[in-house]
Colleague: 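One structure follows; several queries about it will come next.
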Amino acid sequence: MSGSFEQPETTTDGSALIHGKAPVSEMNHYSADVIQYTHGRGKLSCTFSGYEECHNAEEVIASFDYDPDRDTDNPCDSVFCSHGAGYIVKWDQVRDHAHIKGSALHPETDSQTSVPERLSRAVSQKDVFAQDKELMAIFEKTYGPVKRRQYRETQEIFSLTDKDKKKDTNKALKYEMQQEYVLVDGYNVIFSWEHLKKTADTNIDAARAQLTNILCNYQGYKKCELILVFDAYKVRGGIEKIEKEGNIHIVYTKEAETADMYIEKVTHELAKKHRVRVVTSDRLEQIIILGNGALRISSNSFLEEVRAAEKEIRELIDQ
């Protein structure tokens, strides 16, 4: 039975007491065996002892007949991003492809703290902005300087009537304002916002509809271009689908394309001419976003921004 036991102890009433332990899988019907071979005089009492190495690992593994390459829900391969697209890297080749210092694959010295640890310790927006400088330094050291967008200073020309000319001529300087885009990783937000997560536990469609309604109100107040992205990469034969819901665009990614991959690709193009913010709490995706010249905001920080907008909307209605 792959168990172990100590020497028997004799009690005051002349009985024998034996202490030991054995795998639960081997002890399933042993209580009945004890009663049988002791003719009802023996008694077995068991308590949980803990976990130990499996005594018949090869047999157990063979019984499950598990093939990791066929497990699409829990793949053992990694997805790396490059130039707006993703590619698969086998588990035993990850070290050769990984290039970000400070990760678990390339640990830093004891005196240094990894990027994920620094991000996890951020407790305020000020902390996040301070860490952005460090992340940008890491990115530029790896890929080179990021080209910044330049805002042109232009002079506004007024057409003046004779009456206006009698007054002081007003000349105003302004910056060329660019359209703001906000890209939202839908499922990342749903499972980061506690009230949406509870809804998703029972009905994921209801959670999506609730998030869509919230973002429609937010967009109507902020007047930005808002794109909500949902993963549909597991849908076999699925094609990219873009819908207009109210005043926002909803994107369902195509097969084998995650929301992160889509956002990275779109951000790379939009950030060339527009101000772009991406809402996600994915740490690696946040680093890539910085390199594309966009701004990042975590899901929880965005929730505070949405609630502030809703409060201002209510105050305007009350007025």
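What you are looking at is a predicted structure, and each value in this text was computed from that prediction instead of being measured.
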Colleague: Side chains of M261 and T253: closer than 4.5 Å at any heavy-atom pair?
Modeller: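 In short, these two side chains do not touch, never coming nearer than 4.5 Å.
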Colleague: To the nearest 0.5 Å, tell me how far H19 NE2 sits from S45 OG.
Modeller: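 Separation between the atoms: 10.0 Å.
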Colleague: Side-chain contact test, heavy atoms from C-beta onward, threshold under 4.5 Å: evaluate it for T267 versus L183 and give yes or no.
Modeller: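 T267 reaches L183 side chain to side chain.
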Colleague: Between atom SG of C54 and atom CD1 of I61, what is the distance when rounded to the nearest 0.5 Å?
Modeller: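 One gets 8.0 Å once the value is rounded to the nearest 0.5 Å.
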Colleague: Does any part of the side chain of K223, heavy atoms only, come nearer than 4.5 Å to the side chain of E180, both counted from C-beta?
Modeller: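 Contact flag for E180/K223 side chains = no.
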Colleague: List the steps, then state whether side chain to side chain contact (heavy atoms under 4.5 Å, CB included) holds for Y221 with N217.
Modeller: CA-CA 6 Å; Y221 182 71; N217 291 335; over 6 Å; no
Colleague: Below 4.5 Å, heavy atoms only, C-beta onward: do R208 and I250 meet side chain to side chain?
Modeller: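 They are not in contact (no side-chain heavy atoms under 4.5 Å apart), so the answer is no.
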Colleague: Would you kindly say whether E225 and H274 are connected by a side-chain donor-acceptor distance under 3.5 Å?
Modeller: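 Note: E225 and H274 side chains miss the donor-acceptor criterion.
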Colleague: If hydrophobic clusters are built from ILVMFWY residues whose side chains come within less than 4.5 Å, do I214 and I313 share one?
Modeller: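 Different hydrophobic clusters.
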Colleague: Show your working on salt bridge (Lys or Arg N to Asp or Glu O under 4.0 Å) between K241 and E243 and close with a plain yes or no.
Modeller: CA-CA 7 Å; K241 184 169 62 173; E243 299 177 351; 3.7 Å; yes
Colleague: Report yes if the side chains of R277 and E305 come closer than 4.5 Å at any heavy-atom pair, otherwise no.
Modeller: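 Touching, per the 4.5 Å side-chain cut-off.
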Colleague: According to ring-ring contact (aromatic ring centres under 6.0 Å, His included), who are the partners of Y37, at least two apart in sequence or on a separate chain?
Modeller: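 Scan of Y37 (ring-ring contact (aromatic ring centres under 6.0 Å, His included), adjacent residues dropped) gives none.
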Colleague: Once the angle between the rings of F191 and Y187 is folded into 0 to 90°, is it parallel (under 30°), tilted (30 to 60°) or perpendicular (over 60°)?
Modeller: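 Rings of F191 and Y187: tilted, 30 to 60°.
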Colleague: Would you find a donor on one side and an acceptor on the other, under 3.5 Å apart, between the side chain of H97 and the backbone of Q93?
Modeller: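 Yes, the answer is positive, given that a donor and an acceptor are paired below the 3.5 Å cut-off.
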Colleague: Quick check for you: to the nearest 0.5 Å, what is the distance between E304 atom CD and R307 atom CZ?
Modeller: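 One finds 8.0 Å between CD of E304 and CZ of R307.
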Colleague: Restricting to non-hydrogen atoms, name the atom on V60 and the atom on S63 that form the minimum distance, rounded to 0.1 Å.
Modeller: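 Closest heavy-atom pair between V60 and S63: O-OG, 2.5 Å.
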Colleague: Looking only at non-hydrogen atoms, find the nearest pair between T199 and A207 and report the distance.
Modeller: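 That would be CG2-N, 3.7 Å.
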Colleague: Does one hydrophobic cluster hold both V229 and I242, with members joined at side-chain heavy-atom distances below 4.5 Å?
Modeller: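 Linked within one cluster.
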Colleague: Side-chain contact, heavy-atom cut-off 4.5 Å: K311 with R314?
Modeller: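 Yes, at least one pair of side-chain atoms sits under 4.5 Å.
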Colleague: When you compare the side chains of S299 and N188, does any donor N or O come within less than 3.5 Å of an acceptor on the partner?
Modeller: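 The criterion, which ignores hydrogens and geometry beyond distance, is satisfied for N188 and S299.
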Colleague: Take atom CD in E245; do more than 12 heavy atoms of anything else shown fall under 6.0 Å from it?
Modeller: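 At most 12 heavy atoms, drawn from other residues, nucleotides or ligands, come within 6.0 Å of this atom.
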Colleague: Would you say V251 and F230 make side-chain contact, with heavy atoms under 4.5 Å?
Modeller: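 A side-chain contact is absent here, since even the closest heavy-atom pair is not under 4.5 Å.
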Colleague: Going from CD1 on I248 to NZ on K244, what distance comes out if it is rounded to the nearest 0.5 angstrom?
Modeller: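 The distance works out to 9.5 Å.
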Colleague: Same hydrophobic cluster for M1 and L44, using side-chain heavy-atom links shorter than 4.5 Å among ILVMFWY?
Modeller: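 Hydrophobic grouping puts M1 with L44.
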Colleague: For residues Y218 and F302, establish whether the separation of their ring centroids is below 6.0 Å.
Modeller: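 Judged by ring-centre distance (under 6.0 Å), Y218 and F302 do meet the cut-off.
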Colleague: Can you give me the closest heavy-atom contact between T280 and D185, atom names plus distance?
Modeller: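 Result for this residue pair: OG1-OD2, 3.8 Å.
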Colleague: Could you tell me whether E257 and K265 make a salt bridge, using a distance below 4.0 angstrom between a side-chain N and a carboxylate O?
Modeller: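 Yes.
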Colleague: Crowded around Y51 OH? As in, over 12 foreign heavy atoms under 6.0 Å?
Modeller: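 No, OH of Y51 has 12 or fewer neighbouring heavy atoms, counting only those of other groups under 6.0 Å.
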Colleague: For the pair K222 and E312, find out whether any cationic side-chain nitrogen is under 4.0 Å from an anionic carboxylate oxygen.
Modeller: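 No salt bridge links K222 with E312.
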Colleague: Got a second to check how far E26's CD is from H29's NE2, nearest 0.5 Å?
Modeller: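 With rounding to 0.5 Å, CD (E26) is 11.0 Å from NE2 (H29).
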Colleague: Would you say D77's side chain and I88's backbone share a donor-acceptor pair under 3.5 angstrom?
Modeller: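 Absent.
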Colleague: In the single-linkage hydrophobic clustering (I, L, V, M, F, W, Y; side-chain heavy atoms under 4.5 Å), do Y87 and V94 co-cluster?
Modeller: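 Same hydrophobic cluster.
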Colleague: If hydrophobic clusters are built by linking Ile, Leu, Val, Met, Phe, Trp and Tyr wherever their side-chain heavy atoms come under 4.5 Å apart, do I18 and Y30 end up in the same one?
Modeller: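 No, no single cluster joins them.
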Colleague: I'd like to know whether CD of E52 has more than 12 heavy-atom contacts from other residues, nucleotides or ligands below 6.0 angstrom.
Modeller: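 Not buried by this count: 12 neighbours or fewer within 6.0 Å.
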Colleague: Where is the tightest heavy-atom contact between C224 and V182, given as atom of each residue plus distance?
Modeller: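 Where C224 meets V182 most closely, the heavy atoms are SG-CG2, 3.9 Å.
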Colleague: Could you tell me if the side chain of N300 sits less than 4.5 Å from the side chain of S192, heavy atoms only?
Modeller: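 Yes, at least one pair of side-chain atoms sits under 4.5 Å.
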Colleague: Identify the heavy atoms of S2 and P23 that sit nearest to each other, and give their distance.
Modeller: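 Answer, listing the atom of S2 first, then P23: O-CD, 3.4 Å.
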Colleague: For N203, enumerate each residue passing the side-chain hydrogen bond (donor to acceptor under 3.5 Å, both in side chains) test, keeping only those at least two apart in sequence or located in another chain.
Modeller: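 So N203 forms no side-chain hydrogen bond (donor to acceptor under 3.5 Å, both in side chains) with any residue.
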Colleague: Can you tell me how far CE of M27 sits from CG of D33, rounded to the nearest 0.5 angstrom?
Modeller: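 Here the rounded value is 10.0 Å.
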Colleague: Side chain to side chain contact (heavy atoms under 4.5 Å, CB included) between V184 and L226: does it pass, once the steps are laid out?
Modeller: CA-CA 8 Å; V184 180; L226 198 145; 4.3 Å; yes
Colleague: How close do V34 and K43 get, heavy atom to heavy atom, and via which atoms?
Modeller: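 So the two residues come closest at CG1-N, 4.0 Å.
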Colleague: When you compare the side chains of D13 and T11, does any donor N or O come within less than 3.5 Å of an acceptor on the partner?
Modeller: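 Yes, because at least one side-chain N or O of D13 sits under 3.5 Å from a partner of the opposite role on T11.
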Colleague: Consider side-chain contact (heavy atoms from CB on, under 4.5 Å). Of L228, L211, V306, which one does V189 pass it with?
Modeller: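 Of the listed residues L228, L211, V306, the side-chain contact (heavy atoms from CB on, under 4.5 Å) partner of V189 is L211.
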Colleague: Answer yes or no: does atom OH of Y66 have more than 12 heavy-atom neighbours from other residues, nucleotides or ligands under 6.0 Å?
Modeller: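 Check passes, neighbour count above 12.
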Colleague: Side chain to side chain contact (heavy atoms under 4.5 Å, CB included) between L196 and Q210: does it pass, once the steps are laid out?
Modeller: CA-CA 8 Å; L196 292 184; Q210 190 175 350; 3.4 Å; yes
